[in-house]
2 protein chains.
Amino acid sequence: MATTHFDRTTLAKRFHALSDPTRLAILSLLERGESCVCDLQGALGAAQSRLSFHLRVLREAGLVVDRKDGRWSWYQIVPDAMRPLQDALDGFVAGVGVGAGAGAAVPGSAASLVGAPRTAARATRASLGRDLPVVGMADATGCCG
Amino acid sequence: MATTHFDRTTLAKRFHALSDPTRLAILSLLERGESCVCDLQGALGAAQSRLSFHLRVLREAGLVVDRKDGRWSWYQIVPDAMRPLQDALDGFVAGVGVGAGAGAAVPGSAASLVGAPRTAARATRASLGRDLPVVGMADATGCCG
DNA sequence: TCAACGTATCTAGTTTTGTTGATTTGTCAA
DNA sequence: TTGACAAATCAACAAAACTAGATACGTTGA
């Protein structure tokens, strides 16, 4: 629990690493297991320096690790690095419809506006977000209370 | 199943919407339920136009919806929009250690390099990624095979 | 030792993002 | 009406991200 706390900057950095189609493609390939750069290059048809750039972004975000073997570099996904992201998403999903509402002034019909809260909510609840500095909101003394 | 397929561009766009601390803070606030812009503004202490900008990014990514009520705008998370992201992450996590390996040339010891594949892998397997155009890789005829 | 190879890094140019302050639009209440 | 307010949009700028080409570096095999 304690170590699962991630500041938003770290979280944002990891999400950013996922915010590019090329990097998603890389991860998609790595899903199947470790892969060397040259294979990724062949599969993606991307320029070498470009691929190297994206691998660095993923690496610096902690989403993948590399291992040198002779003249090759092998990359692999770090599952644990994905978990805080999953937790954050779980929180965003699970929280909807549960809270007391912002101002409780007008809401009401809003609940049915978007896809009704699925009962199939994830088992894993968020460990993040809930304990982040979410100031105010509680007493609904905002502008439109 | 069929509708769960998301091209990488859409997926990347949504992840990008999550790649900013301010936007994560917004979503964290919206976790508790619908909220009006002014309340978010008060809670985050962000300039109005800045908040509006970030809300637009979230809105255009489909992660939130807005609802006008008089002179106020109320924002709410769209849970369904998070699901493809969760699925993608699930795939990245679940896939590790399962695949046959890229080239099967050197791997082997690599499996223990990073956090060993948790048995507590998510129930929900990815519906994305697996069916994306992941070319090559299968026959391991790469540079370093 | 040397050439070829796989990768990382550097450079420069372009594009995208994020911030700020000003303006605009629509709504409400006096 | 008119003025105050909530929020979106615009314009201008700075910072960050992405790409491509060139180059540097370590490894390998001849």
Side-chain angles (χ1 to χ4, degrees), chain A residues 8-9 12-26 30 34-61 63-76 102-103 105-106 140-145, chain B residues 8-9 12-26 29-30 34-61 64-76 102-103 105-106 140-145:
Chain A
R8 286 203 188 99
T9 306
K13 185 176 183 179
R14 292 199 180 167
F15 275 127
H16 172 257
L18 296 172
S19 71
D20 180 278
T22 301
R23 292 196 288 269
L24 289 177
I26 291 172
L30 293 181
E34 203 180 35
S35 179
C36 76
V37 176
C38 50
D39 276 339
L40 295 174
Q41 197 174 339
L44 296 171
Q48 188 266 320
S49 69
R50 186 170 154 235
L51 186 55
S52 197
F53 167 78
H54 287 298
L55 283 170
R56 165 137 78 144
V57 173
L58 289 169
R59 193 174 359 107
E60 290 184 344
L63 297 183
V64 303
V65 282
D66 67 324
R67 175 175 68 86
K68 310 291 181 186
D69 178 34
R71 66 179 105 167
W72 297 298
S73 285
W74 294 80
Y75 280 81
Q76 199 173 29
V106 190
T141 52
C143 59
C144 38
Chain B
R8 287 204 188 97
T9 305
K13 185 175 182 179
R14 291 197 181 169
F15 276 126
H16 172 256
L18 296 172
S19 72
D20 180 278
T22 301
R23 291 196 289 269
L24 289 177
I26 291 172
L29 288 167
L30 293 181
E34 202 180 35
S35 179
C36 77
V37 176
C38 51
D39 275 339
L40 294 174
Q41 197 176 339
L44 296 171
Q48 188 266 321
S49 68
R50 182 168 157 238
L51 186 55
S52 197
F53 166 79
H54 287 297
L55 283 169
R56 165 137 78 143
V57 173
L58 288 169
R59 194 176 355 110
E60 290 184 345
V64 303
V65 284
D66 66 324
R67 176 175 69 84
K68 311 290 182 189
D69 178 36
R71 66 180 105 167
W72 299 298
S73 286
W74 295 79
Y75 280 81
Q76 198 173 30
V106 189
T141 52
C143 59
C144 39

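Residue numbering restarts at 1 for every chain, and letters A, B, ... go by the order of the sequence lines.
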Step-by-step side chain to side chain contact (heavy atoms under 4.5 Å, CB included) determination, A:Leu30 to A:Leu40: CA-CA 9 Å; A:Leu30 293 181; A:Leu40 295 174; 4.2 Å; yes
Answer yes or no: is there a side-chain heavy-atom contact under 4.5 Å between [X] and [Y]?
X: A:Ile26; Y: A:Leu51; answer: yes
X: A:Val37; Y: A:Tyr75; answer: yes
X: B:Val64; Y: B:Gln76; answer: no
X: B:Arg59; Y: B:Val65; answer: no

Verdict with supporting geometry, B:Ser52 and B:Arg56, side chain to side chain contact (heavy atoms under 4.5 Å, CB included): CA-CA 6 Å; B:Ser52 197; B:Arg56 165 137 78 143; 6.0 Å; no
Output one line per pair: protein atom, nucleotide atom from nucleotides 8-13 of chain D, and distance, for all N/O pairs under 3.5 Å.
residue : atom : partner : partner atom : Å
D:dA8   : OP1  : B:Tyr75 : OH           : 2.6
D:dA8   : OP2  : B:Ser52 : OG           : 3.0
D:dA8   : N7   : B:Gln48 : OE1          : 3.4
D:dA8   : N7   : B:Gln48 : NE2          : 2.7
D:dA8   : N6   : B:Gln48 : OE1          : 3.0

Minimal non-hydrogen separation, B:Lys68 against B:Ser73, with atom names: NZ-OG, 3.2 Å
Shortest non-hydrogen contact from A:Thr9 toward B:Pro21: CA-CG, 4.3 Å
NZ/NE/NH1/NH2 to OD/OE distance under 4.0 Å, B:Arg67 and B:Glu34: yes
Of the listed nucleotides C:dG18, D:dA20, C:dT7, the one nearest the side chain of A:Cys36: C:dT7
Test side-chain contact (heavy atoms from CB on, under 4.5 Å) applied to B:Arg23 and B:Leu55, B:Leu18, B:Leu58, the passing residue: B:Leu58
Could you state the atom-to-atom distance from [atom1] of [X] to [atom2] of [N] in whole Å?
X: A:Phe15; N: D:dA17; atom1: CZ; atom2: C1'; result: 19 Å
X: A:Trp74; N: C:dG6; atom1: CH2; atom2: C1'; result: 12 Å
X: A:Asp39; N: C:dG6; atom1: CG; atom2: P; result: 10 Å
X: B:Leu40; N: D:dA6; atom1: CG; atom2: P; result: 14 Å
X: A:Ile26; N: C:dT7; atom1: CD1; atom2: C1'; result: 14 Å

Polar atom pairs (N or O), protein with nucleotides 27-30 of chain C, under 3.5 Å:
residue : atom : partner : partner atom : Å
C:dC28  : O4'  : B:Arg71 : NH2          : 3.4

Those residues of residues 16-24 of chain B lying under 4.0 Å from DNA chain D by at least one heavy atom: none
Pair A:Phe15-B:Leu24, side chain to side chain contact (heavy atoms under 4.5 Å, CB included): steps then yes or no: CA-CA 10 Å; A:Phe15 275 127; B:Leu24 289 177; 4.1 Å; yes
